[in-house]
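Note sheet for the following structure.
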Amino acid sequence: MADLPSKVDVAIVGGGPAGLAAATELRRLRAGRVLVIEREAEAGGVPRHCGHSPYGLREFGRPMLGPGYARALVARAEAAGAQLATGVSVTALSDGPRLTVTSEAGTGEIAARLVLLTTGIRETTRAGRMIGGTKPGGVLTTGGLQGLVYGAGLRPFRRPVILGTELVAFSAILTCRHAGIRPVAMVEPGARITARHPAGLLPRLLGIPLHLGTELAAIEGRERVEAVVLRSGGAERRLAADGVIVTGRFRPEATLSREGGLTYDPATGGPEVDEFGRTSDPAIFAAGNLLRPVETAGWCWAEGRAVARAMARALAGELPPPAARRVARAGALAWVVPQRIAGGGSPALGTLQVRAARAASGRLSLSVDGHETAARALRALPERRMLLPLPAGTGLPEVRLVAAP
């Protein structure tokens, strides 16, 4: 592949906010030749398809629409001297590290001193949620909807049902409004919405009925969606609709890292990392939403920059050796990032990020060798970020969630 280098200092797989931020920071730190590999025709990640605000407040100091934000990140990386290769897929990750890549120009291999994985996340589809009924057209994830509306200028339906109440579901509402689509209902299996207040006010303001404690049991229709079956309290009812938007329940896009033999965390769905963003292979780092489901574009951007600084230290031989000391979860915790702690100062991931598996209250405490080093009052809901300061020194850290009696 003549247009791609065969050898670079840093290869970044994924051209979203985390990858572009890392590329910019690595070039600022004079880390050598930096290549960003993006499988889509344009870099920028998910924000490219989000024609609404706010993006860019921490990165550019002003609110921006998603496509403009994505273009600004790309321009900044290119101005810093990073090379962007779009329309190129990485099909294998092997020792070296080496990347096998493919595009319309053919297949090739790239050797790198270090690799950064920022491959992001994907929403759980209808099949993954095991929704019954027929299989008509008109069932989309939020990403699929945004690609059709903002990318192709299409209106795939007029009166859909939105399944889910994570933050991305409210992004789907804004996309619908942009395209003149009027959802007939928003459905949430839980007893409350997942996103933070005041997101729950949006469907009310727009006249979209919000059904809590309700499951989408089946989808009906032949060629196109004609209706859905909703189940609540043991009773079912049929609701006419011409589409379904399946939102949220994100999972990291971790196929490459798993097939590459990196240690996998079944709790997050992504690779395990230490506080420098280093995976089980010390030449391969990871950042952004590959590490957990799901964070904002701004969070991923900041994390990409921080991990880039750790990578620059690694290139200079300044990182401490990898460590096997693990962070143990207890109680109602769903996951924690980072999963391992090496010690050594100037961490990229300066806090332990924790999320609860269920609603819980009480106390979240961090102990090292049996001695508590940090604690905070706890009133947790699933998908809500909780942070504790990273412990200093050595020893086996244990994160423990203690619910109130």
For this session: Would you please test Asp9 and Arg113 for salt bridge (charged side-chain N to carboxylate O under 4.0 Å, His left out) and show each step?
Result: CA-CA 5 Å; Asp9 292 287; Arg113 294 175 65 191; 3.3 Å; yes

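- In this structure, Arg313 contributes its side chain and Ser346 its backbone to a donor-acceptor pair below 3.5 Å.
- Annotation: side-chain contact (heavy atoms from CB on, under 4.5 Å) contacts of Thr125 (sequence neighbours excluded): Ala127, Thr141.
- For the atom pair CD1 (Ile208) and CD1 (Ile162), the distance works out to 5.5 Å, reported to the nearest 0.5 Å.
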Exercise. Please walk me through it: do Glu295 and Arg355 pass salt bridge (charged side-chain N to carboxylate O under 4.0 Å, His left out)?
Worked result: CA-CA 12 Å; Glu295 270 296 349; Arg355 289 196 191 167; 3.1 Å; yes

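- Sequence neighbours left out, not one pair with a member in residues 337-368 passes ring pair (Phe, Tyr, Trp, His ring centres under 6.0 Å).
- Side-chain N or O atoms of Arg358 include none that pairs as donor or acceptor with a backbone N or O of Ala334 at under 3.5 Å.
- Note on residues 78-115: no pairs pass ring pair (Phe, Tyr, Trp, His ring centres under 6.0 Å), not counting sequence neighbours.
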For this session: May I have the step-by-step check of side chain to side chain donor-acceptor pair (under 3.5 Å) for Ser171 and Gln146, ending in yes or no?
Result: CA-CA 9 Å; Ser171 176; Gln146 291 171 333; 2.8 Å; yes

Donor-acceptor pairs under 3.5 Å, side chain of residues 56-80 to any protein atom, not counting sequence neighbours: which ones?
from  : atom 1 : to    : atom 2 : distance (Å)
Glu59 : OE2    : Tyr69 : OH     : 2.6
Arg76 : NH2    : Glu59 : O      : 3.3

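- No donor-acceptor pair closer than 3.5 Å links the side chain of Arg122 to the backbone N or O of Gly143.
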For this session: Could you walk me through whether His211 and Ser232 pass the side chain to side chain contact (heavy atoms under 4.5 Å, CB included) test, one step at a time?
Result: CA-CA 9 Å; His211 301 284; Ser232 180; over 6 Å; no

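- Sorted by first and then second residue, the ring pair (Phe, Tyr, Trp, His ring centres under 6.0 Å) pairs involving residues 242-287 (not counting sequence neighbours) form an empty list.
- Residue pairs meeting the ring pair (Phe, Tyr, Trp, His ring centres under 6.0 Å) criterion with at least one partner in residues 152-189, sequence neighbours excluded, are Tyr150-His178.
- The CG atom of Leu352 lies 10.0 Å from the CD atom of Gln339; values are rounded to the nearest 0.5 Å.
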